[in-house]
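Heads up, the thing below is written out as C-alpha cells.
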Amino acid sequence: MKLSSLLIGLCALCGVALTQAADPIVINFSHVVAPDTPKGKAALRFKQLAEERTNGRVKVEVYPNSQLYKDREELEALQLGAVQMLAPSFAKFGPLGVREFEVYDLPYIFPNKETLYRVMDGEIGKGLLKKLESKGLIGLAYWDNGFKQMSANKPLKIVADFKGLKMRIQSSKVLEAQMQALGANPQVMAFSEVYTALQQGVVDGTENPISNLYTQKMHEVQKYLTISDHGYLGYAVITNKKFWEDLPADIRSTLEQAMQEVTKYEREIAQKENDEALAAVRAGKTTEIYILPDKERLAWQKALLPVHTQFESVVGKDLIYGIYNIAAQVEKERKK
Ligand code: LMR
C-alpha cells in the first residue's frame, strides 16, 4: 500500500475516533431522591459501568434530588425524549395510565422480600414491564428500596391514631384508599415538597422507607416513626423506547449487561442502606421509634386488607391472587 493511501486510511480512522470522542451518546438519568440512597447509588454505579464498558461512547449524566424534574414531570420528559432514563417508584405509573402497577402498592401484599423478588422477576413482573411499551417506554429492571414505615408528629400505634391526620402520599389511588382505610386524610404531593410541607404543618405525616426519610431529613420534622412495614416501595428503571431501539446493537447489549449487574448491586445494598438510616435516625434522637407489635400489626392488616378487594377491578384479580399464591408457596418452602 502506498504511503499516501495508508495516511488517508489512518486519517479516516482518526476521524471516526474523533467523532466518537466528540459525540458520545448521552443518557440523562433523572431521579428524585438523594445520591446516598439505594436508587441514587445504583444510578451512579450505572454511570460508571456504562461509561467504562462502552469506552466512553456513552456518557451518563445523573441528576438526583428532583434537580431537573419532579415526579410527574420526569415521566413526561422521558416520553418527550428530554431525558433518557428514570427509575420512578411504582406508584408513579398509575397516573401514566398503567394502573396494574399499583398492585405493588397494596398494603401488606408482600409478607417478605422473597415473595416480592419472585413476583418482580417472574411472569407477573415481566408482564407489567411489557405494559409500559404502549406508553413509549421500555422497562429495563426492577430496583429495590424497602418496606415503608409511617411517621407523624404524634405516635402512630393503633389504627385510631390516624384519624383525621393529613398524610402525604405519592400519586396513587391505592395509597389514597390505604390512608382512607386508616381514617387519615391523604394528600398527594411531589417528593421534593414533602420536607417543607412537614416542617410547615401542611401535612402531619407521611410514609416511606427509612432511607428516604433520613436522606431528606424528614426525621428532623417528624417526632414519631412506626416500623410498620405496611407496604413496599420499589422502582422500575425505564427508558424511552425509541431512544433505546435506535441505539447501536452492541451499545444496547453492553448497557443491558451493565444494568443487570447494577440491579444485583442495588438489591444487595437496599436493606443495608435502610438499616443504616434507621440507626442514624435513632442516633439523631429527634424521633421516637416504635416497632409495631404483632398484635397491633394484625389490627392494621384487618383495617387495610379491604383495599385489596376494592382494587381487584382496577389492577386485576388475577394479579392479586397470583401474588397471594407466590406468598403461600414461599411460606410453604420456609416451613419445610
Ligand atoms: C416518594 O415519592 O415518596 C418516592 O417515590 C420517592 C422515591 O423515588 O423513592
Side-chain angles (χ1 to χ4, degrees), residues 29-44 46 62-78 83 85-96 98 101-107 116 120 139-152 166-176 178-179 184 186-198 202-219 221-222 225 228-238 263 266-267 269-271 273-274 277-278:
F29 190 149
S30 165
H31 68 81
V32 300
V33 296
D36 50 346
T37 53
K39 173 161 70 178
K41 288 188 173 177
L44 290 172
F46 177 71
V62 180
Y63 298 93
N65 268 325
S66 311
Q67 247 169 47
L68 278 188
Y69 301 105
K70 294 185 199 170
D71 310 288
R72 204 194 159 94
E73 298 162 2
E74 66 173 17
L75 277 153
E76 284 161 9
L78 183 69
V83 291
M85 208 172 268
L86 309 173
S89 63
F90 302 138
K92 316 264 160 95
F93 292 97
L96 197 70
V98 196
F101 253 89
E102 290 189 61
V103 77
Y104 286 116
D105 286 323
L106 286 172
L116 168 79
M120 292 198 308
L140 297 171
Y142 281 115
W143 285 359
D144 193 9
N145 191 335
F147 288 105
K148 290 180 290 183
Q149 322 300 349
M150 293 282 192
S151 65
K166 282 186 268 160
M167 297 293 286
R168 179 269 170 174
I169 54 162
Q170 307 175 76
S171 55
S172 146
K173 293 287 173 202
V174 166
L175 298 178
E176 192 178 295
Q178 168 200 277
M179 290 302 185
Q187 310 276 321
V188 174
M189 191 177 285
F191 186 64
S192 55
E193 290 160 12
V194 184
Y195 175 87
T196 312
L198 289 170
V202 174
V203 288
D204 304 303
T206 186
E207 57 164 11
N208 238 304
I210 304 187
S211 56
N212 275 346
L213 176 101
Y214 178 67
T215 52
Q216 297 297 321
K217 300 189 189 327
M218 291 180 205
H219 61 295
V221 287
Q222 292 280 263
L225 173 66
S228 49
D229 290 337
H230 63 278
Y232 175 73
L233 193 140
Y235 310 107
V237 186
I238 53 175
T263 299
E266 204 273 347
R267 291 192 189 173
I269 63 166
Q271 188 61 48
E273 293 291 323
N274 279 293
L278 178 61

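When a ligand or atom number is given, it counts from 1 through the structure's own listing order. Not measured: the values here are computed from a predicted model.
- Looking from atom 9 (O) of ligand 1 to the surrounding protein, the closest heavy atom is Tyr235 OH, 2.5 Å.
- Close approach of ligand 1 to Asn212 is summarised as follows: ligand atoms under 4.0 Å from at least one heavy atom of the residue are 6 (C), 7 (C), 9 (O).
- A donor-acceptor pair under 3.5 Å is formed between the side chain of Lys39 and the backbone N or O of Ala87.
- Between the side chain of Arg168 and the backbone N or O of Thr206 there is no donor-acceptor pair closer than 3.5 Å.
- To the nearest 0.5 angstrom, Leu86 atom CG is 9.5 Å from Tyr69 atom OH.
- Contacts between Leu233 and ligand 1, counted as non-hydrogen atom pairs separated by less than 4.0 Å, involve the side chain only.
- Using modelled atom types, no side-chain atom of Gln178 and backbone atom of Lys173 make a donor-acceptor pair closer than 3.5 Å.
- Note: Phe90 and Tyr142 meet the aromatic proximity criterion, with ring centroids under 6.0 Å apart.
- With a heavy-atom cut-off of 4.0 Å, Asn208 touches ligand 1 through its side chain alone.
- In this structure, the side chain of Gln149 engages the main chain of Ser228 through a donor-acceptor pair within 3.5 Å.
- Those atoms of ligand 1 that come under 4.0 Å of a heavy atom in Lys92, given as number and element, are 1 (C), 2 (O), 4 (C), 5 (O).
- Using a distance-only test at 3.5 Å, with no hydrogens or angles considered, no donor-acceptor pair links the side chain of Asp144 to the main chain of Gly234.
- For ligand 1, none of its N or O atoms has an N or O atom of Glu207 under 3.5 Å away.
- Judged by distance alone, the side chain of Asp71 and the main-chain N or O of Val32 form no donor-acceptor pair under 3.5 Å.
- Contact atoms of ligand 1 toward Val33: 6 (C), 7 (C), 8 (O), 9 (O) (distance under 4.0 Å to a heavy atom of the residue).
- Using a 4.0 Å cut-off to heavy atoms of Ser89, the atoms of ligand 1 that qualify are 5 (O).
- Here's the thing with Asn145: none of its N/O atoms is less than 3.5 angstrom from an N/O atom of ligand 1.
- The nearest protein atom to atom 8 (O) of ligand 1, hydrogens excluded, is given as Lys39 NZ, 2.7 Å; this is a heavy-atom distance.
- Looking at Gln170, Met218, Arg168, Lys148 and measuring to atom 4 (C) of ligand 1, the nearest heavy atom belongs to Gln170.
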